[in-house]
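Report on the following structure.
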Amino acid sequence: MTEQMKTFRIVTLPGDGIGPEVVAETLRVLRAVGEATGFGLEVSEHLIGGAALDATDDPFPAVTAEACLAADAVLMGAVGGPKWDHFTGSKRPESGLLALRKTLGTFANLRPVSVPAALAASSPLREERVTGTDMLIVRELTGGIYFGEPRGRHAAEAGRWAENTMVYDEQEIARIAHVAFTWARRRRNKVTLVDKANVLVVSQLWREVVAEVHEASYADVEYDLLYVDNAAMQVVINPRQFDVVVTSNLFGDILSDLAATLPGSLGMLPSASVGGKVGLFEPVHGSAPDIVGEGKANPLATMLSGVMMLEELGEQAAAEAIRAGIDDVLEDNCRTRDMWQEGQQLVTTREMGQRVIEKVTQRLARVPA
């Protein structure tokens with residue numbers, strides 16, 4: 001009797017702008033590698049962000065939430081764009097993403113940033129400074145100033161004013177610290193905590209709690225500290241010094257976008273939001289409405305997010321095959337418009353997807369059964 005093929009329930013949220021294009025190419029790659037390695041995908045597509053606002057007047061409809069909670073993983077494109085800039089508060093497309101993360105309970109955002117030799121020439125920094133960069137930014141995702149109360153805008157006789165509140169408790173800090181140290185053991189065994197403890201009482205608590213977690217459970221892992229302003233400078237001066245960086249929601253948002261420039265394009269940067277019942281996997285880049293339908297969108301960040309999804313689902317061989325296939329395509333000097341330079345081969349979004357499928361298929365055909 002033949003063994004029944006594993007099937008994963010995947011919810012896709014293509015979102016806005018180029019989201020549908022990059023998600024479509026990623027699904028093609030995932031299905032191809034699934035056929036070759038022995039798993040299937042049961043895919044259902046749902047609305048989020050601006051597309052959901054247009055259809056339902058809600059950036060995160062209840063039917064989307066229900067589908068995501070019932071899935072094995074969620075693969076997302078991008079949300080937002082000038083079309084919806086007049087919306088405010090909970091009606092903004094981006095609020096749908098925040099609500100999704102909160103619904104799934106994904107408190108840890110993982111953003112790997114690597115610069116292989118094939119991409120070093122595309123970096124805004126000198127090649128010798130960035131080649132070999134391989135860092136993982138672990139960002140706390142559900143607390144801090146983005147969610148703290150009280151918050152809001154106010155009007156008084158003296159004029160308008162607004163407030164946001166940065167709040168963390170020790171449980172929130174400890175759980176993200178455990179994620180960071182666990183990942184460091186899988187990598188190069190070093191964690192850097194980034195904070196602003198010379199000014200913020202919240203950061204002082206971060207230092208206390210992360211140090212306690214380190215001493216109690218991860219004393220074998222190298223551990224150091226950086227203020228966020230110095231960390232931003234060090235990401236530019238010497239990015240290769242970093243292995244795992246752990247930090248709060250606000251600082252992680254800023255630092256990960258800064259680090260994302262190192263390979264020369266946001267189109268190369270994936271992310272995973274984990275820690276809850278269902279993982280969320282999405283590219284770092286935005287919706288890029290100015291290039292929709294032109295074949296210029298880079299699908300590799302979304303494909304690499306799909307790689308992280310496969311790793312989370314336990315399909316390590318398939319994940320490694322896709323990552324290696326992407327490396328092969330880059331070594332062949334194939335580039336979408338965002339990364340292209342004179343002398344390289346310019347390919348469309350669809351062509352890039354096809355090249356990756358071909359490389360992955362070739363690699364898997366060489367693997368003994």
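Here the structure is a predicted model, which is why all the values come from computation and not from measurement.
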Is there a donor-acceptor contact under 3.5 Å from the side chain of [X] to the main chain of [Y]?
X: Asn298; Y: Leu300; result: yes
X: Asp16; Y: Ala51; result: yes
X: Asn189; Y: Asp220; result: yes
X: Arg187; Y: Asp134; result: yes
X: Arg188; Y: Phe242; result: yes
X: Thr165; Y: Gly148; result: no
X: Glu312; Y: Val274; result: no
X: Lys91; Y: Asp57; result: yes
X: Thr106; Y: Gly276; result: no
X: Thr7; Y: Gly40; result: no

Distance from [X] atom [atom1] to [Y] atom [atom2], nearest 0.5 Å?
X: Leu269; Y: Asp257; atom1: CG; atom2: CG; value: 8.5 Å
X: Ser122; Y: Leu330; atom1: OG; atom2: CG; value: 9.0 Å
X: Leu53; Y: Phe87; atom1: CG; atom2: CZ; value: 5.0 Å
X: Ile291; Y: Thr349; atom1: CD1; atom2: OG1; value: 7.0 Å
X: Asn333; Y: Leu346; atom1: CG; atom2: CG; value: 12.0 Å

Please tell me if the side chains of [X] and [Y] come closer than 4.5 Å, counting only heavy atoms from C-beta onward.
X: Val179; Y: Phe107; result: yes
X: Ile145; Y: Asn249; result: no
X: Glu140; Y: Trp206; result: yes
X: Tyr146; Y: Asp253; result: yes
X: His178; Y: Ser217; result: yes
X: Met339; Y: Gln344; result: no
X: Leu262; Y: Leu119; result: no

- Item | Lys359/Asp328 salt bridge by N-O under 4.0 Å criterion |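 So Asp328 does not pair with Lys359 through a salt bridge.
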- Query: Does the distance from a Lys or Arg side-chain N to an Asp or Glu carboxylate O, for Glu294 and Arg337, drop under 4.0 Å?
  - Reply: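 Judged by the 4.0 Å cut-off on N to carboxylate O distance, Glu294 and Arg337 do not form a salt bridge.
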Assess, by modelled atom type and distance only, whether the side chains of [X] and [Y] contain a donor and an acceptor separated by less than 3.5 Å.
X: Thr336; Y: Asp338; result: yes
X: Asn238; Y: Arg129; result: no
X: Ser273; Y: Asn109; result: yes
X: Asp54; Y: Trp84; result: yes

- By side-chain hydrogen bond (donor to acceptor under 3.5 Å, both in side chains) - contacts of Arg175 (at least two apart):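 Only Thr142 meet the side-chain hydrogen bond (donor to acceptor under 3.5 Å, both in side chains) criterion with Arg175.
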- Message: Can you list everything that forms a side-chain hydrogen bond (donor to acceptor under 3.5 Å, both in side chains) with Gln316? Sequence neighbours excluded, please.
- Response: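 side-chain hydrogen bond (donor to acceptor under 3.5 Å, both in side chains) check on Gln316 returns Glu320.
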- Identified salt bridge (Lys or Arg N to Asp or Glu O under 4.0 Å) counterpart of Glu25 within the set Arg31, Arg350, Arg355: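 The residue from Arg31, Arg350, Arg355 that satisfies salt bridge (Lys or Arg N to Asp or Glu O under 4.0 Å) with Glu25 turns out to be Arg350.
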- Query: Apart from Val278 itself, what residues make up its hydrophobic cluster when side-chain heavy atoms of I, L, V, M, F, W and Y under 4.5 Å apart count as a link, directly or indirectly?
  - Reply: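 Its cluster mates, by chain and number, are Val11, Leu13, Ile48, Phe60, Leu69, Val74, Met76, Val79, Leu97, Leu100, Leu104, Leu280.
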- Taking the hydrophobic residues Ile, Leu, Val, Met, Phe, Trp and Tyr, and joining any pair whose side-chain heavy atoms are under 4.5 Å apart, which ones share a cluster with Ile237?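 Result for Ile237 is Met233.
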- Could you note down all residue pairs passing ring-ring contact (aromatic ring centres under 6.0 Å, His included) where residues 296-341 supplies at least one of them, sequence neighbours left out?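 Those involving residues 296-341 do not exist here.
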- Message: Would you say CD of Gln204 has more than 12 non-hydrogen atoms from neighbouring residues, nucleotides or ligands within 6.0 angstrom?
- Response: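 Above 12, so yes.
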- CD (Glu42) with more than 12 external heavy atoms under 6.0 Å: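 Atom CD in Glu42 is not crowded, with 12 or fewer foreign heavy atoms closer than 6.0 Å.
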Side-chain donor-acceptor pairs under 3.5 Å in residues 222-232, sequence neighbours left out?
{"unit_1": "Asp224", "atom_1": "OD1", "unit_2": "Thr192", "atom_2": "OG1", "d": "2.6"}
{"unit_1": "Asp229", "atom_1": "OD2", "unit_2": "Lys196", "atom_2": "NZ", "d": "2.8"}
{"unit_1": "Asn230", "atom_1": "OD1", "unit_2": "Gln234", "atom_2": "NE2", "d": "3.3"}

- Query: Same hydrophobic cluster for Phe251 and Leu141, using side-chain heavy-atom links shorter than 4.5 Å among ILVMFWY?
  - Reply: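 Shared cluster, no.
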